Colleague: 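Take this structure first; my questions come after.
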Amino acid sequence: MHAPFSPSDIWFILAKIPEGNVVTYGQLANMAGAPGYARVVGNILKQLPSGSGLPWHRVINSKGQISFPEASAKYQQQQSLLESEGVTLLNGKVNLKLYQWNGE
DNA sequence: CTGTTGACCAAAT
DNA sequence: TATTTGGCCAACA
């Protein structure tokens, strides 16, 4: 059986995440109606075409951290993008205690 | 087909 | 509060 959603479903949902907000991989999976598919969401973002214009940087893990090695360029890029929209990191964790999601 | 890997997660320790 | 453990699903070797 195939996944209960297609990559484009995730792209569509991700596109709706407002600037200055962050969501977790698991949340995206839930929003797609597929609890337990957090890893698959990660795989999809991994394959995301560059120049898609999607706010991939607003996706973090459930620990409230960026899912890249701290030393990596990707990590720094994501952090930079987040800070440019007012989301700062404290101790490697997003400085917003609760991940904001303005409902549907 | 089996085994490993990954932008994950929640519960147990 | 910090780590470890077990579970998760799809992609790949």
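Below, chains carry the letters A, B, ... as their sequence lines are ordered, and counting in each starts from 1. Quick caveat, the model's predicted, so the values are computed rather than measured.
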Colleague: I'd like to know if the side chain of A:Asn21 reaches the main chain of A:Ile17, judged simply by a donor and an acceptor atom lying under 3.5 Å from each other, with no hydrogens or angles considered.
Modeller: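 Such a contact is absent between A:Asn21 side chain and A:Ile17 backbone.
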
Colleague: Should A:Tyr37 be listed as having a side-chain N or O under 4.0 Å from OP1 or OP2 of C:dC8?
Modeller: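 Answer no for this pair, as no side-chain N or O of A:Tyr37 is under 4.0 Å from OP1 or OP2.
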
Colleague: Check the pair A:Tyr75 / A:Ser67 against side chain to side chain contact (heavy atoms under 4.5 Å, CB included), numbers first and verdict last.
Modeller: CA-CA 8 Å; A:Tyr75 181 100; A:Ser67 288; over 6 Å; no

Colleague: Give a yes or no answer on whether the side chain of A:Gln78 reaches the backbone of A:Val59 with a donor-acceptor pair at less than 3.5 Å.
Modeller: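 Pair found, side chain donor or acceptor close to backbone of A:Val59.
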
Colleague: Using whole Å, what does the distance between atom P of nucleotide C:dT1 and atom CD of A:Gln65 come to?
Modeller: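 A:Gln65 atom CD is separated from C:dT1 atom P by 14 Å.
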
Colleague: Assess the residue pair A:Leu28 and A:Phe5 against the criterion (side chain to side chain contact (heavy atoms under 4.5 Å, CB included)); give the C-alpha distance rounded to whole Å, side-chain angles, the decisive distance to 0.1 Å, and a yes or no.
Modeller: CA-CA 11 Å; A:Leu28 283 180; A:Phe5 59 81; over 6 Å; no

Colleague: Grab the CG-C1' distance between A:Asp9 and C:dC9 for me, whole Å please.
Modeller: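 To the nearest whole Å, that distance equals 16 Å.
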
Colleague: What residue pairs, at least two apart or across chains, pass ring pair (Phe, Tyr, Trp, His ring centres under 6.0 Å) with a residue in residues 39-70 of chain A?
Modeller: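 As it turns out, there is no ring pair (Phe, Tyr, Trp, His ring centres under 6.0 Å) pair with a partner in residues 39-70 of chain A once direct neighbours are skipped.
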
Colleague: Within the distance-only criterion (no hydrogens, no angle test), does the side chain of A:Gln47 pair as donor or acceptor with the backbone N or O of A:Asn43 below 3.5 angstrom?
Modeller: yes

Colleague: What does the B/S/- profile of nucleotides 5-10 of chain B look like, 5' to 3', with a 4.0 Å heavy-atom cutoff to protein?
Modeller: -BBBSS

Colleague: Expressed in whole Å, how much space separates the P atoms belonging to B:dA7 and C:dG6?
Modeller: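 Roughly 23 Å separates the two P atoms.
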
